[in-house]
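A, B, ... follow the sequence lines: proteins, then strands. Residue 1 opens every chain. Keep in mind that the numbers below use all heavy atoms, side chains included, and drop hydrogens, waters and symmetry copies. Nothing here was measured: the structure is a model prediction, and the numbers come from that model.
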Amino acid sequence: MAFHLTLHPWNVTPAEAVGLQEELRQHIVIEPLSNPPETIAGCDISFNKYEETVYAGIVVLRLDTLEVIEEAGVVTTASFPYVPGLLTFREGPALLEAWQKLKTVPDVVMFDGHGLAHPRRLGIATHMGLWLDRPTFGCGKSVLVGTFSEPALERGHWSPMMHKGETIGAALRTKNKVNPVFISPGHLIDLPAALDLTLRCDGGYRLPEPTRRAHLFVNELRQKGGKE
DNA sequence: GCGACAG
DNA sequence: ATCTTGTCGC
C-alpha cells in the first residue's frame, strides 16, 4: 500500500462507507516517526450555512519557527452529508485536491478531527494517512468515542482516552486552565510523537498552530476570494 | 427503545 | 460546521 491513484471510490452510500472503513483499518500502521520532521501541515474545511460549497485548505509550517511556508486551497462541492463517524467521506475529497496543489510535501500532517479515536479506528487523520502514505494524526476539539479522566490543569498534562479496552488517544492540555484537545495517532506515527508535536506547535492558543492557521485560511478563502 | 454523536 | 454581542475571569 505505497502507491495508488485511487484507494477506493468516494461516491458510496453511508453503509458502504462503513464497510470500507472496516476493510481499511487492516492497513493502519502505528509506529514511531521514521524521521525527525521539519515541516508540519494543518488542514481544515469551511462552509456557509445551508450551502454545499466546500472551502478546503492546507497550511504548511516549519516546525522550529512555526512560520507558514505554503498554503493551498480549493473550492468544491460536498457530495456526502455530515454523518458522525463518516467525516472523511464529506471532507476527504476536497482535502486531497488541496494536497495535490502543494509544492512542498509536509513531513507530518495534523487534522481537525480524530485518528484512532474513532468507532472503527478510522477517523479522518487515519483515513487520509492511508491515502497520502504520510505520517498523520488528529487533534479534535471534542470527543467522538472513548472515555477519559480530566488531565491536570497545567499545559502539557494529559490523560489517555480509552475505548473497548484500548488506548486510542489522549486528552491533552495545550494551555493552562483551558479545555483539553483530543490527540490520536492517524497513520505512520504513535501517540507519544503526536503529543510531542502538538505541544511543539504552541502559539499561545488552545488549538495548535497548524490547525489554527488552516482554520483562518479557509475562512478568509470562504469570505473573500474563493468564489461568488 | 433511548441517548450520544469529530466537523 | 455556521449564525452572533456581550461578558466573566485571569
Starting at OH of Tyr205(A) and ending at C1' of dC10(C), how long is that distance when rounded to a whole Å?
16 Å

Would you please confirm or rule out a distance under 4.0 Å between OP1 or OP2 of dT2(C) and any side-chain N or O of Tyr50(A)?
no

Gln223(A) CD to dT2(C) P, straight-line distance once rounded to whole Å
9 Å

Using a cut-off of 4.0 Å on non-hydrogen atoms, how would the nucleic acid contact of Val145(A) be classed: base, sugar-phosphate, or nothing?
nothing

Choose from dT2(C), dC5(B), dG7(B) the nucleotide whose nearest atom is closest to any side-chain atom of Asp44(A).
dG7(B)

Against Phe182(A), only a single residue in Phe137(A), Phe148(A), Phe111(A) fulfils ring pair (Phe, Tyr, Trp, His ring centres under 6.0 Å); can you say which?
Phe148(A)

Is Asn219(A) near enough to dA1(C) that one of its side-chain N or O atoms lies under 4.0 angstrom from OP1 or OP2?
no

For a quick test of reading the model: is some side-chain N or O of Lys141(A) closer than 4.0 Å to OP1 or OP2 of dA1(C)?
yes

His118(A) has an atom NE2; how far is it from atom C1' of dA4(B), in whole Å?
14 Å

Using atom CZ of Phe217(A) as one end and atom P of dA1(C) as the other, report the distance to the nearest whole Å.
17 Å

Side chain of Glu91(A): nearest nucleotide among dC5(B), dG7(B), dT2(C)?
dG7(B)

Could you check whether Tyr82(A) gets within reach of a base, just the sugar-phosphate, or nothing at all, counting any heavy atom under 4.0 Å?
base

Within the 4.5 Å heavy-atom criterion, are Leu197(A) and Leu33(A) side-chain neighbours or not?
yes

At under 4.0 Å between heavy atoms, what does Leu122(A) touch on the DNA or RNA strands: base, sugar-phosphate, or nothing?
nothing

Atom CD1 of Ile124(A) and atom P of dA1(C) are separated, to the nearest Å, by 13 Å

Hey, which sits more toward the 5' end of DNA chain C by its nearest nucleotide, Lys177(A) or His215(A)?
His215(A)

Mind calculating the distance between CZ (Phe47(A)) and P (dA6(B)) to the nearest angstrom?
14 Å

What distance separates Asn35(A) CG from Glu38(A) CD, expressed to the nearest 0.5 Å?
9.5 Å

When rounded to whole Å, the NZ to P distance for the pair Lys49(A) and dC3(C) reads 8 Å

Return no unless some side-chain N or O of Ser142(A) is found under 4.0 Å from OP1 or OP2 of dG7(B).
yes

Flag the pair Glu150(A) and Arg173(A) as a salt bridge only when some basic side-chain nitrogen lies within less than 4.0 angstrom of an acidic carboxylate oxygen.
yes

With heavy atoms under 4.0 Å as the rule, sort Gly123(A) into base, sugar-phosphate or nothing.
base

Test: Arg121(A) and Glu166(A) ion pair at under 4.0 Å
yes

Whole Å only: how far is the CG atom of Leu144(A) from the P atom of dA6(B)?
6 Å

Just to be sure I understand the rule, does Gly138(A) reach a base, reach only the sugar-phosphate, or reach nothing, if contact means heavy atoms closer than 4.0 Å?
nothing

Pairing donors with acceptors under 3.5 angstrom, does anything connect the side chains of Asn48(A) and Arg222(A)?
yes

Phosphate-side-chain proximity, Arg222(A) and dC3(C), N/O vs OP1/OP2 below 4.0 Å:
yes

